[in-house]
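Labels below follow one simple rule: chain letters A, B, ... track the order of the sequence lines, proteins then strands, and each chain is numbered from 1.
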Amino acid sequence: MRMCNHSICLAFTLAFFFLTGCRTDYDIADVAPEEHLHSEDHDHADGETCEESESDHSHGHSNETGHAHSVNEEMEEAHAGGPSGHAHDAGDRNHGTQWFFNQPWAATFIWKKLFRDALIFLTLAVGIFLATGRRRKR
Amino acid sequence: MKAVFTFSLMTLRMLFRRRTLWGILLVILLALAGIASVPSFDISNQGRFVLDFGLFGIEVGALLLALGLAANLYPRDRETRTLMPLIAVPLSRWQYLLGRFFGAALVQAAALIVTCLGLMLILILHELPIPGDLLPATLLIIVEGWFLLSTVFFFSFFASPPLNWPLTTMLFVLSQMSVSEFVSILPSAPGLMRTVRLLLPHADVFHIKDPIAHGFNIEPVYFLIAIFYGLCYAAFMLSLALAVFRRRDLK
(Lines give C-alpha, C1' and ligand atoms only; values in the text may rest on other atoms or scores of the structure.)
Protein backbone atom coordinates (compact mmCIF):
# COMPACT_ATOMS: atom_id res chain seq x y z
CA MET A 1 0.00 0.00 0.00
CA ARG A 2 2.84 2.34 0.91
CA MET A 3 4.59 1.45 -2.31
CA CYS A 4 1.42 2.36 -4.13
CA ASN A 5 1.23 5.73 -2.37
CA HIS A 6 4.85 6.31 -3.16
CA SER A 7 4.30 5.61 -6.85
CA ILE A 8 1.25 7.86 -6.94
CA CYS A 9 3.20 10.65 -5.30
CA LEU A 10 6.06 10.33 -7.79
CA ALA A 11 3.68 10.06 -10.72
CA PHE A 12 1.80 13.13 -9.56
CA THR A 13 5.03 15.06 -9.21
CA LEU A 14 6.28 14.06 -12.63
CA ALA A 15 2.93 14.70 -14.26
CA PHE A 16 2.66 18.09 -12.62
CA PHE A 17 6.12 18.95 -13.79
CA PHE A 18 5.70 17.85 -17.37
CA LEU A 19 2.11 18.90 -17.87
CA THR A 20 2.36 22.27 -16.22
CA GLY A 21 5.82 22.87 -17.56
CA CYS A 22 4.17 21.69 -20.77
CA ARG A 23 6.97 22.42 -23.12
CA THR A 24 10.68 22.58 -23.43
CA ASP A 25 12.50 25.66 -22.28
CA TYR A 26 12.84 28.78 -24.41
CA ASP A 27 14.57 32.13 -24.56
CA ILE A 28 12.84 35.44 -24.08
CA ALA A 29 13.38 36.31 -27.75
CA ASP A 30 11.48 33.13 -28.75
CA VAL A 31 8.25 34.26 -27.13
CA ALA A 32 8.57 38.04 -27.15
CA PRO A 33 5.64 39.92 -28.67
CA GLU A 34 6.13 41.85 -31.89
CA GLU A 35 6.28 45.26 -30.28
CA HIS A 36 9.04 44.09 -27.97
CA LEU A 37 11.16 42.56 -30.71
CA HIS A 38 10.63 45.11 -33.45
CA SER A 39 11.39 48.17 -31.45
CA GLU A 40 14.59 48.64 -33.38
CA ASP A 41 13.49 46.91 -36.55
CA HIS A 42 14.71 49.09 -39.32
CA ASP A 43 17.96 48.98 -41.22
CA HIS A 44 20.19 51.61 -42.64
CA ALA A 45 22.97 51.39 -45.14
CA ASP A 46 26.42 52.44 -44.01
CA GLY A 47 26.64 56.16 -43.69
CA GLU A 48 22.87 56.60 -43.97
CA THR A 49 21.12 58.63 -41.32
CA CYS A 50 17.87 57.47 -39.76
CA GLU A 51 15.34 60.15 -40.58
CA GLU A 52 12.30 58.67 -38.92
CA SER A 53 10.62 60.91 -36.46
CA GLU A 54 9.35 59.63 -33.12
CA SER A 55 5.75 59.50 -34.39
CA ASP A 56 6.34 57.20 -37.36
CA HIS A 57 9.03 55.22 -35.68
CA SER A 58 7.14 53.39 -33.00
CA HIS A 59 9.13 51.55 -30.41
CA GLY A 60 7.43 49.38 -27.83
CA HIS A 61 9.49 50.11 -24.81
CA SER A 62 7.41 51.23 -21.92
CA ASN A 63 10.09 50.18 -19.46
CA GLU A 64 12.77 52.61 -20.31
CA THR A 65 10.87 55.78 -21.02
CA GLY A 66 10.96 58.53 -18.49
CA HIS A 67 14.39 57.79 -17.13
CA ALA A 68 16.84 60.54 -16.86
CA HIS A 69 19.83 58.56 -18.02
CA SER A 70 19.13 55.70 -20.37
CA VAL A 71 21.15 53.40 -22.53
CA ASN A 72 19.61 55.09 -25.56
CA GLU A 73 21.15 58.38 -24.70
CA GLU A 74 24.49 56.75 -24.24
CA MET A 75 24.16 54.98 -27.57
CA GLU A 76 23.15 58.23 -29.18
CA GLU A 77 26.19 59.91 -27.77
CA ALA A 78 28.31 57.15 -29.20
CA HIS A 79 26.53 57.27 -32.55
CA ALA A 80 26.54 61.00 -32.85
CA GLY A 81 30.29 61.03 -33.11
CA GLY A 82 30.39 57.97 -35.37
CA PRO A 83 30.71 57.74 -39.12
CA SER A 84 26.97 57.37 -39.76
CA GLY A 85 25.87 60.33 -37.66
CA HIS A 86 23.02 58.08 -36.57
CA ALA A 87 21.00 59.48 -33.70
CA HIS A 88 17.54 58.59 -32.41
CA ASP A 89 15.23 60.67 -30.31
CA ALA A 90 15.53 60.38 -26.58
CA GLY A 91 13.60 57.37 -25.30
CA ASP A 92 13.91 55.44 -28.56
CA ARG A 93 15.87 52.25 -28.63
CA ASN A 94 18.99 52.21 -30.67
CA HIS A 95 20.29 49.46 -32.86
CA GLY A 96 22.09 46.62 -31.17
CA THR A 97 20.39 47.07 -27.80
CA GLN A 98 17.89 44.21 -28.17
CA TRP A 99 20.02 41.97 -25.90
CA PHE A 100 19.65 44.58 -23.19
CA PHE A 101 15.86 44.47 -23.26
CA ASN A 102 15.72 40.69 -23.65
CA GLN A 103 16.65 40.27 -20.01
CA PRO A 104 14.04 39.06 -17.51
CA TRP A 105 13.80 42.37 -15.62
CA ALA A 106 12.67 44.14 -18.81
CA ALA A 107 10.53 41.37 -20.32
CA THR A 108 7.33 41.62 -18.28
CA PHE A 109 5.67 38.96 -20.43
CA ILE A 110 8.12 36.36 -19.03
CA TRP A 111 7.33 37.02 -15.37
CA LYS A 112 4.36 34.65 -15.32
CA LYS A 113 6.60 31.89 -16.64
CA LEU A 114 9.11 32.61 -13.87
CA PHE A 115 6.38 32.40 -11.28
CA ARG A 116 5.06 29.19 -12.81
CA ASP A 117 8.55 27.64 -12.87
CA ALA A 118 9.03 28.61 -9.24
CA LEU A 119 5.79 26.88 -8.28
CA ILE A 120 6.82 23.77 -10.21
CA PHE A 121 10.17 23.62 -8.41
CA LEU A 122 8.45 24.14 -5.07
CA THR A 123 5.99 21.32 -5.80
CA LEU A 124 8.84 19.08 -6.88
CA ALA A 125 10.70 19.89 -3.66
CA VAL A 126 7.70 19.00 -1.51
CA GLY A 127 7.04 15.86 -3.56
CA ILE A 128 10.64 14.64 -3.26
CA PHE A 129 10.70 15.46 0.47
CA LEU A 130 7.55 13.45 1.11
CA ALA A 131 8.45 10.58 -1.19
CA THR A 132 11.95 10.03 0.23
CA GLY A 133 10.65 10.40 3.78
CA ARG A 134 8.10 7.67 3.20
CA ARG A 135 10.70 5.36 1.78
CA ARG A 136 12.83 5.80 4.89
CA LYS A 137 9.97 4.85 7.22
CA ARG A 138 9.26 1.65 5.33
CA MET B 1 12.01 23.65 14.16
CA LYS B 2 13.66 24.60 17.45
CA ALA B 3 16.27 21.91 16.87
CA VAL B 4 16.96 23.30 13.39
CA PHE B 5 17.28 26.83 14.79
CA THR B 6 19.69 25.75 17.53
CA PHE B 7 21.78 23.70 15.14
CA SER B 8 21.94 26.53 12.59
CA LEU B 9 23.22 28.87 15.33
CA MET B 10 25.89 26.30 16.18
CA THR B 11 26.81 26.12 12.48
CA LEU B 12 26.92 29.90 12.26
CA ARG B 13 29.30 30.19 15.20
CA MET B 14 31.49 27.41 13.82
CA LEU B 15 31.73 29.04 10.38
CA PHE B 16 32.58 32.44 11.83
CA ARG B 17 35.51 30.83 13.62
CA ARG B 18 36.91 29.42 10.38
CA ARG B 19 39.60 31.31 8.53
CA THR B 20 38.13 30.32 5.15
CA LEU B 21 35.33 32.86 5.50
CA TRP B 22 37.65 35.74 6.33
CA GLY B 23 40.09 34.77 3.59
CA ILE B 24 37.40 34.72 0.89
CA LEU B 25 35.91 37.98 2.19
CA LEU B 26 39.31 39.64 2.04
CA VAL B 27 39.87 38.41 -1.52
CA ILE B 28 36.48 39.78 -2.66
CA LEU B 29 37.10 43.18 -1.06
CA LEU B 30 40.58 43.39 -2.56
CA ALA B 31 39.13 42.47 -5.97
CA LEU B 32 36.51 45.23 -5.65
CA ALA B 33 39.21 47.74 -4.73
CA GLY B 34 41.23 46.56 -7.71
CA ILE B 35 38.26 46.94 -10.06
CA ALA B 36 37.77 50.52 -8.93
CA SER B 37 41.37 51.37 -9.66
CA VAL B 38 41.21 50.12 -13.26
CA PRO B 39 40.76 53.08 -15.60
CA SER B 40 37.69 52.99 -17.83
CA PHE B 41 39.30 55.45 -20.30
CA ASP B 42 36.10 57.48 -20.15
CA ILE B 43 35.48 59.69 -17.15
CA SER B 44 31.69 59.76 -17.60
CA ASN B 45 31.45 55.97 -17.60
CA GLN B 46 33.67 55.27 -14.60
CA GLY B 47 30.72 54.81 -12.20
CA ARG B 48 28.97 52.44 -14.57
CA PHE B 49 32.17 50.46 -15.06
CA VAL B 50 32.79 50.10 -11.31
CA LEU B 51 29.15 49.15 -10.63
CA ASP B 52 28.96 46.58 -13.41
CA PHE B 53 32.20 44.83 -12.57
CA GLY B 54 31.68 45.30 -8.84
CA LEU B 55 28.34 43.48 -8.89
CA PHE B 56 29.88 40.79 -11.06
CA GLY B 57 32.68 40.45 -8.49
CA ILE B 58 30.11 40.08 -5.70
CA GLU B 59 28.33 37.38 -7.70
CA VAL B 60 31.57 35.42 -8.16
CA GLY B 61 32.17 36.02 -4.46
CA ALA B 62 28.82 34.36 -3.72
CA LEU B 63 30.03 31.27 -5.60
CA LEU B 64 33.35 31.24 -3.70
CA LEU B 65 31.58 31.70 -0.37
CA ALA B 66 29.13 28.88 -1.09
CA LEU B 67 31.97 26.53 -1.93
CA GLY B 68 34.28 27.69 0.83
CA LEU B 69 31.61 27.49 3.52
CA ALA B 70 29.68 24.36 2.63
CA ALA B 71 31.82 22.00 0.55
CA ASN B 72 33.60 20.69 3.66
CA LEU B 73 30.75 20.65 6.16
CA TYR B 74 29.31 17.19 5.63
CA PRO B 75 32.61 15.44 4.72
CA ARG B 76 34.26 16.88 7.84
CA ASP B 77 31.34 15.88 10.07
CA ARG B 78 31.57 12.38 8.72
CA GLU B 79 35.35 12.20 8.98
CA THR B 80 35.46 13.46 12.56
CA ARG B 81 32.52 11.20 13.42
CA THR B 82 30.44 14.01 14.87
CA LEU B 83 27.67 13.21 12.42
CA MET B 84 26.65 9.88 13.92
CA PRO B 85 25.83 11.08 17.46
CA LEU B 86 24.06 14.10 15.97
CA ILE B 87 21.63 12.18 13.83
CA ALA B 88 21.37 9.27 16.27
CA VAL B 89 19.35 11.16 18.85
CA PRO B 90 18.79 14.92 18.73
CA LEU B 91 18.39 15.51 14.99
CA SER B 92 16.79 13.76 12.07
CA ARG B 93 18.59 13.91 8.75
CA TRP B 94 16.45 16.70 7.33
CA GLN B 95 16.99 18.72 10.49
CA TYR B 96 20.74 18.24 10.18
CA LEU B 97 20.66 19.38 6.55
CA LEU B 98 18.44 22.40 7.20
CA GLY B 99 20.45 23.41 10.27
CA ARG B 100 23.70 23.32 8.34
CA PHE B 101 22.11 25.12 5.39
CA PHE B 102 20.52 27.95 7.38
CA GLY B 103 23.71 28.52 9.37
CA ALA B 104 25.83 28.72 6.21
CA ALA B 105 23.18 30.84 4.44
CA LEU B 106 23.20 33.42 7.24
CA VAL B 107 26.98 33.64 7.21
CA GLN B 108 27.02 33.93 3.41
CA ALA B 109 24.37 36.66 3.44
CA ALA B 110 26.28 38.63 6.08
CA ALA B 111 29.49 38.34 4.07
CA LEU B 112 27.77 39.49 0.85
CA ILE B 113 26.23 42.48 2.61
CA VAL B 114 29.71 43.41 3.81
CA THR B 115 30.96 43.24 0.20
CA CYS B 116 28.04 45.43 -0.89
CA LEU B 117 28.97 47.98 1.78
CA GLY B 118 32.55 47.73 0.56
CA LEU B 119 31.41 48.52 -2.98
CA MET B 120 29.44 51.50 -1.66
CA LEU B 121 32.52 52.74 0.18
CA ILE B 122 34.60 52.41 -2.98
CA LEU B 123 32.00 54.41 -4.93
CA ILE B 124 31.98 57.11 -2.25
CA LEU B 125 35.78 57.28 -2.15
CA HIS B 126 35.83 57.75 -5.93
CA GLU B 127 33.06 60.37 -5.68
CA LEU B 128 30.74 58.27 -7.81
CA PRO B 129 26.95 58.10 -7.35
CA ILE B 130 25.41 55.18 -5.45
CA PRO B 131 22.29 53.85 -7.22
CA GLY B 132 19.23 53.24 -5.07
CA ASP B 133 18.83 49.68 -6.34
CA LEU B 134 22.28 48.56 -5.24
CA LEU B 135 21.01 46.92 -2.05
CA PRO B 136 18.12 45.11 -3.82
CA ALA B 137 20.63 43.94 -6.43
CA THR B 138 22.79 42.54 -3.65
CA LEU B 139 19.71 40.86 -2.17
CA LEU B 140 19.17 39.05 -5.48
CA ILE B 141 22.82 37.97 -5.48
CA ILE B 142 22.32 36.68 -1.92
CA VAL B 143 19.39 34.57 -3.14
CA GLU B 144 21.54 33.32 -6.01
CA GLY B 145 24.21 32.50 -3.42
CA TRP B 146 21.68 30.43 -1.46
CA PHE B 147 20.84 28.49 -4.60
CA LEU B 148 24.57 27.84 -5.07
CA LEU B 149 24.85 26.85 -1.42
CA SER B 150 22.08 24.27 -1.82
CA THR B 151 23.86 22.97 -4.92
CA VAL B 152 27.09 22.60 -2.94
CA PHE B 153 25.20 20.65 -0.26
CA PHE B 154 23.68 18.43 -2.94
CA PHE B 155 27.07 17.56 -4.44
CA SER B 156 28.75 17.20 -1.04
CA PHE B 157 26.68 14.11 -0.23
CA PHE B 158 28.22 12.07 -3.01
CA ALA B 159 31.30 13.94 -4.16
CA SER B 160 34.51 14.85 -2.38
CA PRO B 161 35.25 18.57 -1.82
CA PRO B 162 37.84 18.72 -4.64
CA LEU B 163 35.19 17.36 -7.01
CA ASN B 164 32.46 19.55 -5.54
CA TRP B 165 34.23 22.73 -6.63
CA PRO B 166 34.30 21.98 -10.40
CA LEU B 167 30.80 20.45 -10.36
CA THR B 168 29.23 23.47 -8.70
CA THR B 169 31.22 25.86 -10.88
CA MET B 170 30.05 23.96 -13.96
CA LEU B 171 26.41 24.26 -12.86
CA PHE B 172 27.01 27.95 -12.17
CA VAL B 173 28.33 28.43 -15.71
CA LEU B 174 25.53 26.37 -17.29
CA SER B 175 22.88 28.31 -15.42
CA GLN B 176 24.26 31.53 -16.91
CA MET B 177 23.69 30.26 -20.45
CA SER B 178 20.64 31.15 -22.47
CA VAL B 179 18.55 28.31 -23.89
CA SER B 180 19.98 28.76 -27.40
CA GLU B 181 23.53 28.75 -26.03
CA PHE B 182 22.75 25.62 -24.04
CA VAL B 183 21.27 23.89 -27.10
CA SER B 184 24.40 24.74 -29.09
CA ILE B 185 26.37 22.38 -26.79
CA LEU B 186 24.55 19.45 -28.44
CA PRO B 187 22.78 20.85 -31.51
CA SER B 188 21.77 17.41 -32.78
CA ALA B 189 19.26 16.98 -29.92
CA PRO B 190 17.58 20.34 -29.43
CA GLY B 191 14.44 18.90 -27.82
CA LEU B 192 16.44 16.99 -25.23
CA MET B 193 18.65 19.98 -24.47
CA ARG B 194 15.66 22.29 -24.09
CA THR B 195 14.04 19.82 -21.70
CA VAL B 196 17.23 19.48 -19.67
CA ARG B 197 17.55 23.26 -19.59
CA LEU B 198 14.12 23.39 -17.99
CA LEU B 199 15.58 21.68 -14.92
CA LEU B 200 18.50 24.10 -14.66
CA PRO B 201 18.02 27.49 -13.06
CA HIS B 202 17.97 30.73 -15.04
CA ALA B 203 20.66 32.73 -13.32
CA ASP B 204 19.94 35.76 -15.51
CA VAL B 205 16.86 36.27 -13.35
CA PHE B 206 19.21 37.50 -10.61
CA HIS B 207 21.18 39.83 -12.87
CA ILE B 208 20.12 43.43 -12.69
CA LYS B 209 23.53 45.02 -12.85
CA ASP B 210 22.99 46.23 -16.43
CA PRO B 211 19.85 48.26 -15.70
CA ILE B 212 21.32 49.57 -12.45
CA ALA B 213 24.52 50.64 -14.15
CA HIS B 214 22.48 52.43 -16.83
CA GLY B 215 20.12 54.13 -14.39
CA PHE B 216 16.97 52.12 -15.09
CA ASN B 217 14.36 51.63 -12.42
CA ILE B 218 13.13 48.09 -11.81
CA GLU B 219 9.60 47.32 -10.74
CA PRO B 220 9.40 46.05 -7.15
CA VAL B 221 7.22 43.11 -8.21
CA TYR B 222 10.13 41.80 -10.25
CA PHE B 223 12.29 41.58 -7.13
CA LEU B 224 9.57 39.55 -5.40
CA ILE B 225 9.22 37.15 -8.33
CA ALA B 226 12.99 36.72 -8.68
CA ILE B 227 13.44 36.11 -4.94
CA PHE B 228 10.57 33.61 -4.94
CA TYR B 229 12.07 31.86 -7.96
CA GLY B 230 15.49 31.62 -6.29
CA LEU B 231 14.10 30.34 -3.00
CA CYS B 232 11.97 27.71 -4.73
CA TYR B 233 14.93 26.49 -6.74
CA ALA B 234 17.08 26.34 -3.61
CA ALA B 235 14.31 24.30 -1.94
CA PHE B 236 14.31 21.97 -4.95
CA MET B 237 18.07 21.43 -4.72
CA LEU B 238 17.84 20.90 -0.96
CA SER B 239 15.15 18.27 -1.45
CA LEU B 240 17.41 16.48 -3.93
CA ALA B 241 20.27 16.73 -1.44
CA LEU B 242 18.03 15.30 1.27
CA ALA B 243 16.96 12.46 -1.02
CA VAL B 244 20.63 11.53 -1.50
CA PHE B 245 21.46 12.01 2.19
CA ARG B 246 18.57 9.82 3.34
CA ARG B 247 19.87 6.96 1.23
CA ARG B 248 23.45 7.25 2.47
CA ASP B 249 24.76 4.49 4.66
CA LEU B 250 26.81 6.30 7.26
CA LYS B 251 28.48 3.26 8.78
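- Relative orientation of the B/Phe236 and A/Phe121 rings is tilted, given thresholds of 30° and 60° on the angle between their planes.
- Stacking of B/Arg246 on the aromatic ring of A/Phe129 is recorded, both the 6.0 Å distance cut-off and the 45° axial limit being met.
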Might you work through the side-chain contact (heavy atoms from CB on, under 4.5 Å) test for B/Phe228 and A/Phe115, ending with a clear yes or no?
CA-CA 8 Å; B/Phe228 183 62; A/Phe115 189 72; 3.6 Å; yes
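- Considering NE2 of B/His202 and CD1 of A/Ile110, their distance stands at 8.5 Å, rounded to 0.5 Å.
- A 6.0 Å sphere centred on CZ of B/Phe5 holds no more than 12 heavy atoms belonging to other residues, nucleotides or ligands.
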With side-chain contact (heavy atoms from CB on, under 4.5 Å) as the test, would you mind laying out the steps for B/Asp210 and A/Gln103 before giving the verdict?
CA-CA 9 Å; B/Asp210 287 329; A/Gln103 296 183 73; 3.4 Å; yes
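- Taken from OG1 in A/Thr132 to CG in B/Leu242, the straight-line distance is 5.0 Å, to the nearest 0.5 Å.
- Rounding to the nearest 0.5 angstrom, the gap separating the CH2 atom in A/Trp105 from the CD1 atom in B/Ile208 is 9.5 Å.
- Counting non-hydrogen atoms of neighbouring residues, nucleotides and ligands closer than 6.0 angstrom, the OH atom of B/Tyr96 exceeds 12 such neighbours.
- Side-chain contact check for B/Tyr222 versus A/Trp111: some heavy-atom pair is nearer than 4.5 Å.
- Chain A forms the most heavy-atom pairs under 4.5 Å with one residue out of B/Pro211, B/Ala243, B/Ser92, and that residue is B/Pro211.
- The distance from the CG atom of A/Leu122 to the CG atom of B/Leu231 is 9.5 Å, given to the nearest 0.5 Å.
- Pairing each heavy atom of B/Ser239 with each of A/Leu124, the nearest pair is OG-O, 4.5 Å.
- With a 4.5 angstrom heavy-atom cutoff, A/Lys113 touches chain B only via side-chain atoms.
- Taking SG of B/Cys232 as the start and CG of A/Leu114 as the end, the distance is 11.0 Å to the nearest 0.5 Å.
- Of the inter-residue distances, the one linking B/Ile225 atom CD1 with A/Asp117 atom CG reads 11.5 Å to the nearest 0.5 angstrom.
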